There are 2 protein chains.
Amino acid sequence: MTTPLVIGLNAAIVAVTQEVPRILTVKRPDHSLALPGEMVSEDGAFLDALPFGPLDARADPTLELGLRGWVREQTGIELGYVEQLYTFGDRNRDPEEHEGGARVISVAYLALVRERQLFGAAEASWRDWYGYFPWEDWRLTRPSIIDREIAPSLAQWVAAASQPATRRRCQERVDIVFGLNGAAWDEERVLERYELLYEAGFVAEKARDRMLRTKLQPGSQNRHSPSPSQTETPSLGRPMALDHRRILATALGRLRGKIKYRPVVFELLSSTFTLLQLQRVVEALAGVRLHKQNFRRLVEKGGLVERTGQFDPETGGRPAELFRFRREVLRERLAPGVGLPGAIRSLES
Amino acid sequence: MTTPLVIGLNAAIVAVTQEVPRILTVKRPDHSLALPGEMVSEDGAFLDALPFGPLDARADPTLELGLRGWVREQTGIELGYVEQLYTFGDRNRDPEEHEGGARVISVAYLALVRERQLFGAAEASWRDWYGYFPWEDWRLTRPSIIDREIAPSLAQWVAAASQPATRRRCQERVDIVFGLNGAAWDEERVLERYELLYEAGFVAEKARDRMLRTKLQPGSQNRHSPSPSQTETPSLGRPMALDHRRILATALGRLRGKIKYRPVVFELLSSTFTLLQLQRVVEALAGVRLHKQNFRRLVEKGGLVERTGQFDPETGGRPAELFRFRREVLRERLAPGVGLPGAIRSLES
DNA sequence: TCCTTTATGCTCAGCTTGAGTATAAAGAGC
DNA sequence: GCTCTTTATACTCAAGCTGAGCATAAAGGA
């Protein structure tokens with residue numbers, strides 16, 4: 001009767017150590033290796049994957065509890081801050097497994113953990129997330145990969161479109177999304193950038209998915225507006241298993257948005273910190289450098305932190321005062337709803 | 001082996017007509033009627049429900065396409081703007097159906113449609129969403145239900161807590177969430193408000209769920225910190241089936257947030273409109289009155305609209321110019337990322 | 001013509017933001 | 001000790017945005 005269904009629970013578990021944002025990955029056998037003419041990850045037989053576990057429909061009372069449960073089992077990490085991200089349900093998300101049978105719907109979560117911790121069972125490791133998205137780190141300089149590879153490749157892709165109107169739309173999209181030709185870089189558009197590269201065929205996942213899909217359904221023709229130049233398609237960024245890089249891009253974009261209006265960064269910091277440490281973590285997430293004095297002004301005036309009176313002598317220069325997060329703001333935050341033009345409080349209009 | 005799983009697709013379909021925000025509901029037989037001593041909706045044998053359809057794991061290539069498909073079938077509405085909201089997966093979301101068997105995970109979507117439209121099959125109707133959340137409409141005045149019913153009821157609930165510390169925390173939460181005792185009203189906290197009322201036992205769904213749950217699992221004791229005074233528990237707002245009011249609250253909160261930073265309101269308006277019409281729609285969604293001149297300044301300076309040169313003579317006073325949405329802003333929006341203190345564009349820090 | 005109603009333009013003070021300048025406090029080298 | 005380097009932190013200033021209101025314009029009706 002009904003096709004069997006599996007609910008997968010994926011976690012993008014984020015930590016920041018030494019100014020490097022990291023994501024917890026596990027090794028997953030590369031099923032595509034069995035096929036001929038297949039792109040293979042550098043490591044050979046394994047691909048990076050986000051920690052994954054199926055929902056136990058009988059035992060897990062809640063999706064989130066299910067997630068916490070097997071993350072604990074699998075990595076020894078007790079998750080703190082957890083937030084549901086998105087539910088991925090496209091068919092052929094997972095063209096490899098379950099070929100005959102079950103369809104996998106994945107509910108993805110974002111989790112923030114405080115510092116890197118040791119973990120137990122599975123073959124897990126922390127990886128710099130900019131390894132997967134080298135074009136996202138603008139802290140030191142505009143990433144060279146953009147001008148060296150992305151822009152030319154995408155230009156080719158745009159040029160390959162037959163209709164002039166299509167070409168214009170594609171060009172516009174490329175410019176907006178990657179901040180080219182005068183458009184500003186918007187650090188939140190992580191997912192849009194990844195999806196554009198995927199569509200254009202410049203990430204390894206695209207080629208892999210196409211190959212697997214045609215193998216599974218030999219009759220199906222997929223028509224993408226402009227098709228990538230088949231000559232030397234670059235493979236940008238480190239690939240992941242299945243659609244996990246898409247999930248990670250979603251997580252990254254969401255997190256970059258969220259730190260701007262909710263005090264979630266503190267989940268990543270130890271209980272006391274200097275303002276520069278705080279700033280560095282925000283910068284690591286946002287992939288952008290910030291103005292120090294203004295940052296400190298904002299944070300202090302926002303009542304987000306309070307002084308401890310203690311100092312960190314390890315700064316190299318004048319010792320920095322240690323601060324702690326003021327949990328009270330969670331309750332105070334009276335008007336996080338900035339944005340409505342002139343919300344009338346007095347109701348006498 | 002595995003408990004059977006069903007993926008449900010729920011849609012909160014929103015339209016605004018004559019300054020009333022409406023939600024598309026269908027009638028659903030009230031399964032709890034079969035039980036003794038049950039709270040019943042005013043209509044008797046039926047409860048309002050959000051349109052719902054199961055995912056066809058074999059046929060639907062995408063969750064969103066599945067949703068669009070059966071919304072078309074069921075109501076004749078062709079959805080335009082659709083956005084995934086949240087995935088609800090708690091066990092006992094649906095204590096009525098599937099008692100022996102399947103667990104239902106619901107992926108909820110928010111959809112915006114342009115004006116009210118006619119529809120085809122099922123018994124569907126548009127309802128003022130403030131019927132479900134009478135405390136959310138602050139346009140004319142602070143809703144009287146807050147001081148008349150909510151505040152006293154919640155005060156009782158707080159007082160019922162045994163621990164002083166618990167009492168303090170609950171009081172704080174009540175104040176923040178409902179804007180009492182000096183806290184400001186935050187129109188985005190729709191879900192928090194509903195959940196607080198649910199926890200405290202002042203919405204009909206709580207009593208119903210509790211009854212059904214204890215009936216299904218007679219042994220289970222649920223312990224909520226303070227339990228509601230069993231005397232005369234009010235039933236605030238019109239109830240819905242299952243957890244649909246929770247889903248609706250999620251939709252409302254999300255929409256109220258989104259209109260502030262993405263031009264989605266225009267999905268609800270016809271192609272040309274006066275600025276006051278635009279403002280009224282925003283106000284209907286936000287549940288708050290806005291300052292007219294400042295609203296128009298913001299909208300115009302933001303480049304969101306352009307004049308048509310035509311005028312609407314139906315205003316009652318001086319005719320208002322008709323505007324249209326400038327689709328280009330979708331491409332322009334160069335820096336929607338307001339919020340990072342001093343993002344350094346020049347990268348020379 | 002006057003009044004009412006809505007539309008629209010303009011002002012003004014207070015606050016926030018972006019970008020600096022200036023000063024303080026530590027350690028290292030002499 | 002003094003000087004240099006390094007980082008921390010305080011303070012300034014102009015530009016722009018926000019909240020609130022005043023003023024004028026253009027219609028219809030008494």
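Here is how names work: the chains are called A, B, and so on, in the same order as the sequence lines, proteins then strands, and each is numbered from 1. Just so it is clear, the model here is predicted, and its values are computed rather than measured.
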How close or far is atom C1' of C:dT16 from atom NE2 of A:H291, stated in whole angstroms? 14 Å
Take the protein atom CD of B:Q277 and the nucleotide atom C1' of C:dT6, then report the distance between them rounded to whole Å. 13 Å
Parallel, tilted or perpendicular for B:F273 and B:F266, by the 30°/60° rule? tilted
May I ask you to say whether B:E321 pairs ionically with B:R307, meaning some side-chain N is under 4.0 Å from a carboxylate O? yes
Salt-bridge test for B:E136 and B:R256: reply yes if a basic N is under 4.0 Å from a carboxylate O, no otherwise. yes
Whole angstroms only, please: what is the CG-C1' distance between B:D312 and D:dA27? 12 Å
Ion pair B:E83/B:K258, N-O distance below 4.0 Å: yes
Compute the centroid of each ring, for B:Y194 and then for B:Y132, and state whether the two points are separated by less than 6.0 Å. no
Expressed in angstrom and rounded to an integer, what is the separation of A:F323 atom CZ from D:dA8 atom P? 11 Å
Find the distance between CG (A:L255) and CG (A:L268) and round it off to the nearest 0.5 Å. 7.0 Å
Taking atom P of D:dA10 as reference, at what distance in whole Å does atom CD of A:E321 sit? 9 Å
Atom-to-atom span, NZ of A:K292 to C1' of D:dA8 - whole angstrom: 6 Å
Atom-to-atom span, CZ of B:F295 to P of D:dC17 - whole angstrom: 17 Å
Between A:A320 and B:K301, just flag the one whose closest nucleotide in DNA chain D comes earlier from the 5' side. A:A320
Give the B/S/- string for nucleotides 23-30 of chain C, one per nucleotide from 5' to 3', where a protein heavy atom under 4.0 Å of the base yields B, of only the sugar-phosphate yields S, and otherwise -. -BBS----
Pairs: protein N or O with nucleotides 9-13 of chain C N or O, under 3.5 Å:
unit_1: C:dG9; atom_1: O6; unit_2: B:Q293; atom_2: NE2; d: 3.4

Between A:R193 and A:W185, is NZ or CZ placed under 6.0 angstrom from the six-membered ring centre and within 45° of the ring axis? yes
N-O pairing of B:E283 and B:R280 below 4.0 Å: yes
Under 4.0 Å, counting only non-hydrogen atoms across every strand here, what does A:L275 touch: a base, just sugar-phosphate, or nothing? nothing
Any salt bridge linking B:E187 with B:K260? Criterion: basic side-chain nitrogen under 4.0 Å from a carboxylate oxygen. yes
Distance check needed: C:dT8 P versus B:L276 CG, whole Å only. 9 Å
